Amino acid sequence: MLDLKFIRENVETVKEGIRKKNVNVDLDALLGLDAQRRELLKEVEQLKALKNSTSKDVGRAKAKGEDFEAIAAQMKQVSQKIKEIDQQVEQIADNMRGLLLRIPNLPEKSVPVGGEKANKTIKEWGKKKTFDFKPSAHWDLCEKLDIADFKRAVKVSGTGFVVFKGQGALLERALINFMIDTHVRDNGYTEIMPPYLSNEKAMTGTGQLPNLKDDMYCLKEDGYYLIPTGEVPVTNLYSDEILKADELPIYHVAHTACFRREAGSYGKETRGMKRVHQFDKVELVKFTTAETSYDEHEKLLNNAEMILQKLNLPYRVRILASGDMSFAAAKCYDLEVYSPGNDEYLEVSSCSNFEDFQSRRAHIRYKSKEGKTAFVHTLNASGLALPRTFIAILENYQTKDGKIEVPEVLRPYMNGLAFIG
RNA sequence: GGAGAGGUGGCCGAGCGGCCGAAGGCGACGGUUUGCUAAACCGUUGUACGGGCUAAUACUCGUACCGAGGGUUCAAAUCCCUCCCUCUCCGCCA
C-alpha cells in the first residue's frame, strides 16, 4: 500500500509508476474521494469541537444546579448530525481503502520499463551439460524410475497434483533439509515452521488479497486461506508490532507447502510437476530498515543462488521489467535454472524487495535509534521452489543407463545414496 | 463443545459516567553527579487524521483512538448489546 499523503503530493509520479506496472486503477477516483472526505471531516470536526466544549459547560451548569435543558436538547441535534456525517465519512473511507489496496507498488529506478519482453538476463552461471544421448523429460524419468506418480495423484486429488514415492520422496526431503541447513548454517537465517492456513488479514498484509483472490484456495466455513507461499505467514509474524532498531535485520527461512489454484492457466505447462496446485518451497524472508534494504536484496539473491551453485546446476539471473513484476514488488530478480529435458529455463525463485509496501499494509514498524517509528522494509526470495529444482536435478543428472546421479551435497541427506534407480 | 475470568499507552498496571490521552511503575531518551560503569536525582517520552503557519516530518489548533462494531446519554475507558481474541477448568481428540 502506498502512503495516501505521498499519492496526494506526487500524483504524476504515482500515475507513471502505475502505468509502468501495467496496472489499471482509477487514481482520480481516489483523489476525488480524498478531497470529499477532507471537506466532510472539516465540517464534522467543528461540530465535534462544539459538542465537546458545550458538554463540559453542561457539566458545570449541572454542578451549580443551573438549568441546562435547552442546551442539552440542542446538543442532541448536533450529535445526530455528527452521526450522519460520520457515516458518510466512513463510507467514503471504505471506498478509498478498497481503491488504495489495489494500487500497486511503484517500480524502483533501476528497473527496466516494459512488459515481459523487457526482462533482462544479468548473469549466467555454470555450463549447460552436454549429453551423448537424448536427455529425457522429467515426467518420463519419474515414471521409469517409479519415483513420482501423477496418475495416482489424480485419484486422490485431481489433475495438477503429484505423489512422490520411494527415492523420489527421499530426494524431495533431502532437498528441503539441505536448503534449510544451508540458509541456517551458512547464511544466518532463523528457521520458522508456520501454519499453512492464514486469515484474510494476513493475506491482505502481504498483498495477495484483494487482487489475487481467485488464485487462492479458501476455506469459507472458517475464513481461512491456504497459503500460496511461506511469505504470507512469515512476513505477517510481525504484523502490528514495533520492532527495535537493533533487532533488524531479521532473517527467516521456512519450509512450507504452497497451494495455488492456478486459475486460468490450464493447458499451460500442465505436463509433469512444473505447475501444480500443491508444492513445497523453502522461503527466505527479510525485515530491514529503509537504508539497507537494497544491499540486503543483493545478498538475498546471492543466498538463493548459493543453492543452485552447491547443486551445480546451471542458471541465469533475470531482472524483471516493471510490467512483469508482482503487484507488491518494487524490484525483482528471477532465478532460472536450466533444464535439458525440454531445453528450457525454469523459474525457481523470485527475489523481491517490497520496500515498505507490505509493512504499511501489515503495520510492521520499527523504532530507530533516534526514537522515530518507521515502516520496515520487507524482502523475500524462494530458496528454492522444490518441484522445479527436482526437475532440474533429474534432467541434468540423468545418465545414459537411465539412472540419476545424486549431487554430492545431497548424499549425506540420502543415507549416502549415489544413484537413484 | 460446556463453564468462568479478562482484553487500557513500548511493557506492567490503576481508573468503572464529566476535572481522563488517561495515576503509578518499568523501559527509552536528555541532563546533573562520576576516573569508567552502576546507583541516585531532575526533566522528556503515544499514534493517526484534518486545518493554520511554514524550508520543514519544526510550531500551533482541532478531531479520533482505553480489543472491534453498535446502543443509551447533553457527555462513555467507565453503563447496555453483539462479535473477535487471550487465559483457566471440564469434556473430546491426533
Side-chain angles (χ1 to χ4, degrees), chain A residues 1-10 30-97 99-101 193 195-205 219-225 233 236-248 250 257 287 289-291 355-356 359-376:
Chain A
M1 186 163 72
L2 300 180
D3 181 16
L4 183 60
K5 203 178 278 175
F6 176 84
I7 296 174
R8 203 187 287 144
E9 287 164 4
N10 301 278
L30 177 70
L31 292 168
L33 288 171
D34 179 45
Q36 207 183 332
R37 190 185 78 100
R38 279 187 291 163
E39 269 310 303
L40 287 169
L41 263 189
K42 228 193 293 185
E43 189 185 343
V44 78
E45 285 185 357
Q46 273 167 19
L47 288 175
K48 283 179 180 173
L50 174 69
K51 181 185 92 167
N52 287 343
S53 66
T54 309
S55 284
K56 277 179 189 159
D57 291 344
V58 168
R60 280 190 282 271
K62 198 177 168 190
K64 281 190 254 170
E66 292 169 9
D67 180 55
F68 57 90
E69 295 294 336
I71 289 185
Q74 207 183 328
M75 279 307 109
K76 192 165 186 150
Q77 301 232 310
V78 171
S79 288
Q80 187 56 38
K81 180 79 182 162
I82 287 171
K83 207 159 121 190
E84 281 166 26
I85 301 177
D86 266 347
Q87 274 168 8
Q88 287 179 52
V89 170
E90 197 35 53
Q91 177 72 51
I92 291 171
D94 233 40
N95 293 341
M96 286 174 68
R97 257 191 298 280
L99 288 170
L100 210 49
L101 285 175
M193 292 184 77
Y196 293 177
L197 301 183
S198 72
N199 57 36
E200 185 171 336
K201 192 179 163 201
M203 293 287 282
T204 306
L219 286 96
K220 282 210 182 66
E221 300 260 306
D222 303 285
Y224 289 126
Y225 290 84
N236 282 288
L237 235 37
Y238 300 103
S239 65
D240 295 318
E241 288 193 35
I242 299 177
L243 304 164
K244 294 196 188 79
D246 57 18
E247 290 179 90
L248 299 175
I250 292 171
F287 303 82
T289 63
E291 290 72 34
E355 299 185 350
D356 61 2
S359 64
R360 182 169 280 113
R361 288 175 163 239
H363 223 69
I364 308 170
R365 296 173 297 169
Y366 77 101
K367 197 164 216 138
S368 70
K369 297 228 160 59
E370 299 78 48
K372 292 249 182 211
T373 49
F375 290 108
V376 303

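Throughout, a chain's letter reflects where its sequence line sits, starting with A, and its residues are numbered from 1. All figures in this text were calculated on a predicted structure; none of them were measured in a lab.
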Could you give me the CA-CA distance, side-chain angles and deciding distance for A:Ile364 and A:Glu241, then say whether side chain to side chain contact (heavy atoms under 4.5 Å, CB included) is met?
CA-CA 5 Å; A:Ile364 308 170; A:Glu241 288 193 35; 5.7 Å; no
Worked check of side chain to side chain contact (heavy atoms under 4.5 Å, CB included) between A:Leu100 and A:Ile7
CA-CA 10 Å; A:Leu100 210 49; A:Ile7 296 174; 3.5 Å; yes
Kindly determine whether A:Met96 and A:Leu4 satisfy side chain to side chain contact (heavy atoms under 4.5 Å, CB included), including the steps that lead there.
CA-CA 10 Å; A:Met96 286 174 68; A:Leu4 183 60; 3.7 Å; yes
Take A:Met75 and A:Val58 through the side chain to side chain contact (heavy atoms under 4.5 Å, CB included) test and state the conclusion after the steps.
CA-CA 10 Å; A:Met75 279 307 109; A:Val58 168; 5.6 Å; no
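Heavy atoms only, all atoms of each residue included: A:Thr204 and A:Arg361 are closest at O-NH1, 2.8 Å. Residues A:Ser359 and A:Phe375 share a closest heavy-atom pair of OG-CB, 3.3 Å. Listed here is the closest heavy atom pair of A:Asn199 and A:Ala202: OD1-N, 2.9 Å. Nearest heavy-atom pair across A:Phe68 and A:Ala61 is CB-CB, 4.4 Å.
Residues A:Glu9 and A:Asp3 form no side-chain contact, since every pair of their non-hydrogen atoms from C-beta on lies 4.5 Å or further apart. A heavy-atom distance below 4.5 Å is not found between the side chains of A:Asp57 and A:Ile71. Here the side chains of A:Gln36 and A:Glu39 are not in contact, with every heavy-atom distance at 4.5 Å or above.
As rounded to the nearest Å, B:U8 and B:A68 have P atoms that lie 10 Å from one another. If you take atom C1' in B:U47 and the same atom in B:G21, they sit 11 Å apart, rounded to whole Å. Only the C1' atoms considered, B:A39 is 14 Å distant from B:U32, to the nearest whole Å. On the P atoms, B:A55 is 41 Å away from B:C42, given to the nearest whole Å. Nucleotides B:A77 and B:G18 are separated by 10 Å at their P atoms, to the nearest Å. Rounded to whole Å, the separation between the C1' atoms of B:C11 and B:G46 comes to 13 Å. Rounded to whole Å, the P atom of B:C74 lies 23 Å from the corresponding atom of B:G69. B:G50 sits 42 Å from B:A5 when the P atoms are compared, rounded to a whole Å.
One can place CZ of A:Phe375 at 12 Å from P of B:U47, the figure rounded to the nearest angstrom. The distance from atom CG of A:Asp86 to atom C1' of B:A64 is 9 Å, rounded to the nearest whole Å. Atom pair A:Tyr366:OH and B:G10:C1' shows a separation of 16 Å (rounding to whole Å applied). Atoms CG (A:Asp240) and C1' (B:C65) sit 14 Å apart, rounded to a whole Å. What separates CG of A:Leu50 from P of B:G62 is a distance of 14 Å, to the nearest Å. The distance from atom CD of A:Glu200 to atom P of B:A68 is 19 Å, rounded to the nearest whole Å. For the pair A:Glu45 CD and B:C49 C1', the computed distance is 7 Å after rounding to whole Å. Nucleotide B:C84 holds its C1' atom 11 Å from the OH atom of A:Tyr224, rounded to whole Å.
Along RNA chain B, the nucleotide nearest to A:His363 and the one nearest to A:Lys5 differ in position, and the one closer to the 5' end is contacted by A:His363. Projected onto RNA chain B by closest heavy-atom contact, A:Lys48 and A:Arg365 fall at different nucleotides, the more 5' of which corresponds to A:Arg365.
A:Asn199 has no side-chain polar atom (N or O) that falls below the 4.0 Å cut-off from OP1 or OP2 of B:C84.
Checking side-chain atoms of A:Arg360 against main-chain N and O of A:Leu2 turns up no donor-acceptor pair under 3.5 Å.
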Anything under 3.5 Å between a protein N or O and an N or O of nucleotides 71-77 of chain B, put it in a table, one pair a line.
| from | atom 1 | to | atom 2 | distance (Å) |
| --- | --- | --- | --- | --- |
| B:G71 | OP1 | A:Lys83 | NZ | 3.0 |
| B:C74 | OP2 | A:Lys76 | NZ | 3.2 |
| B:C74 | O4' | A:Ala72 | O | 3.4 |
| B:C74 | O2' | A:Ser55 | OG | 3.3 |
| B:A75 | OP1 | A:Ser79 | OG | 2.8 |
| B:A75 | O4' | A:Ser55 | OG | 3.2 |

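As judged by a 4.0 angstrom heavy-atom cut-off over every strand, A:Arg8 is placed among residues touching the sugar-phosphate backbone only. Using a 4.0 Å heavy-atom criterion, one finds that A:Asp57 contacts no nucleic acid atom at all.
Contacts between residues 30-42 of chain A and RNA chain B, counted as heavy-atom distances below 4.0 Å, involve A:Arg37, A:Arg38, A:Leu41.
Look at A:Arg97 and A:Glu90 and you find a salt bridge, because one of the NZ, NE, NH1 or NH2 atoms lies within 4.0 Å of a carboxylate O, short of that distance.
Helical stems of RNA chain B (runs of at least 3 Watson-Crick or G-U pairs, donor-acceptor distances under 3.5 Å) are listed by first residue: B:1-7 with B:84-90, B:10-12 with B:24-26, B:27-32 with B:40-45, B:46-52 with B:59-65, B:67-71 with B:79-83.
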